[in-house]
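All values derive from a computational prediction rather than experimental measurement. We count ligands from 1, going down the list as the structure has it; atoms in each ligand are counted the same way.
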Amino acid sequence: MITLKSPHEIDLMRRSGKITAAARALAGEMVKPGVTTQEINDAVERFIRKQGAVPSFLHYNGYPASACISVNDEIIHGIPSPKRVLQEGDIVSVDVGAYIGGFHGDCAATFPCGRISPEARRLIDVTRQSFFEGIRFAREGQRLQDISAAVQSYVEQNGFSVVREYVGHGVGARMHESPEIPNFGRPGHGPRLLRGMTLAVEPMVNAGSAAITQLSDGWTVKTADGKWAAHYENTILITDGEPEILTAPAI
Ligand code: MF3
Ligand code: CO
């Protein structure tokens with residue numbers, strides 16, 4: 001069952017979305033050589049709590065931190081650590097969620113640490129743009145996999161690959177709601193989109209092959225081939241026209 005949010009619930013999601021997006025921006029500003037992923041996590045958590053919200057990820061299925069911070073060949077769910085010191089040239093994916101007023105926001109982006117290689121820059125840019133290519137189809141009357149197929153085709157046209165094992169999702173009173181939103185699919189397939197749906201669209205893009213490996217920490221997901229990966233996510237609202245990005249401002 002895909003929940004449709006009422007105008008009042010949408011207002012509440014704008015509030016959680018704004019806080020989540022601001023936490024992402026704060027994290028992005030902290031990405032610099034010499035900073036640890038733990039320091040970024042702690043700043044994100046302090047900021048979310050100062051807004052009166054609660055970090056959505058903390059203790060979710062036993063997850064031990066407030067942000068997921070995934071560096072270079074780590075795709076998603078990297079656990080922040082005081083031992084992980086960022087280096088010039090790294091690319092750093094930060095995924096955050098905030099819960100307030102009964103609703104979650106969920107968003108992510110990959111940030112450059114100092115000067116990065118042109119290929120790393122292109123990976124970040126293609127991943128971000130694939131989200132915007134996808135949400136051109138996030139309109140009432142379209143099918144869900146129209147979004148998925150647009151993300152996939154843009155990524156693959158650019159020589160990269162999409163992760164299959166992890167997907168976007170509905171978001172609202174729960175962080176993970178129906179439907180699943182794969183970053184691959186067939187146009188014209190999947191549920192029909194309706195105004196009031198709130199969706200987390202989140203391309204996870206590998207520079208090399210799509211294959212992944214799971215680290216023994218039980219969380220971190222890496223590329224199997226060791227090539228780098230990027231992530232970009234916003235919570236969006238299906239309207240009677242253009243989709244609205246609830247985790248605004250987008251980065
Ligand atoms: N943003 C992630 C998602 O969309 C959630 C992180 S998983 C957690 O699924 F367990 F760390 F919360
Ligand atoms: Co998500």
**Asked** Once you round to the nearest 0.5 Å, how far does SG of C68 lie from CD of E74?
**Response** 11.0 Å
**Message:** Checking the N or O distance criterion of under 3.5 Å, is ligand 1 in contact with D106?
**Reply:** yes
**Prompt:** For the side chain of Q142 and the backbone of L193, is there at least one donor-acceptor N/O pair under 3.5 Å apart?
**Reply:** no
**Prompt:** With atoms numbered from 1 as shown, which atoms in ligand 1 lie under 4.0 angstrom from a non-hydrogen atom of H176?
**Reply:** 3 (C), 4 (O), 9 (O)
**Item:** Enumerated ligand 1 atoms positioned under 4.0 Å from heavy atoms of E233
**Value:** 1 (N), 4 (O)
**Request:** Using a strict 4.0 Å cut-off to heavy atoms of H169, name the atoms of ligand 1 that fall inside it.
**Result:** 3 (C), 4 (O), 9 (O)
**Request:** Just need the protein heavy atom nearest to atom 7 (S) of ligand 1, so name the residue and atom and give the distance.
**Result:** H77 NE2, 3.5 Å
**Criterion salt bridge (Lys or Arg N to Asp or Glu O under 4.0 Å) on R139 and E242, from CA distance to verdict** = CA-CA 7 Å; R139 301 179 78 99; E242 298 269 301; 3.1 Å; yes
**Message:** Using modelled atom types and a 3.5 Å cut-off, is there a donor and acceptor pairing between side-chain atoms of Q214 and backbone atoms of I212?
**Reply:** no
**Prompt:** Within the distance-only criterion (no hydrogens, no angle test), does the side chain of T235 pair as donor or acceptor with the backbone N or O of D106 below 3.5 angstrom?
**Reply:** yes
**Asked** So, does D95 sit close enough to ligand 1 that a heavy atom of it is under 4.0 Å from the ligand?
**Response** yes
**Asked** Is there a path of hydrophobic side-chain contacts, each under 4.5 Å between heavy atoms of I, L, V, M, F, W or Y residues, that connects L144 with I2?
**Response** yes
**Element-labelled atoms of ligand 1 that are located less than 4.0 Å from some non-hydrogen atom of E202** = 3 (C), 4 (O)
**Asked** Which protein N, O or S atoms lie under 2.8 Å from the Co ion (ligand 2)?
**Response** D106 OD2, H169 NE2, E202 OE2, E233 OE2
**Prompt:** Is there a path from L237 to M197 through hydrophobic residues (I, L, V, M, F, W, Y) whose side chains come within less than 4.5 Å of each other?
**Reply:** no
**Request:** Would you please say whether a donor-acceptor pair under 3.5 Å links the side chains of Y60 and H176?
**Result:** yes
**Item:** Atoms in ligand 1 with a heavy atom of C68 nearer than 4.0 Å
**Value:** 6 (C), 11 (F)
**Item:** Side-chain donor/acceptor of R24 to backbone N/O of T247, under 3.5 Å
**Value:** yes
**Request:** Determine whether the side chain, the backbone, both or neither of Y60 has a heavy atom under 4.0 Å from any heavy atom of ligand 1.
**Result:** both
**Item:** CD-OH distance between E202 and Y166, expressed to the nearest 0.5 angstrom
**Value:** 11.5 Å
**Message:** Could you check whether any side-chain N or O of D217 sits under 3.5 Å from a backbone N or O of W219, counting only pairs where one atom can act as donor and the other as acceptor?
**Reply:** yes
**Message:** If the contact criterion is a heavy-atom separation under 4.0 Å, does W219 count as touching ligand 1?
**Reply:** yes
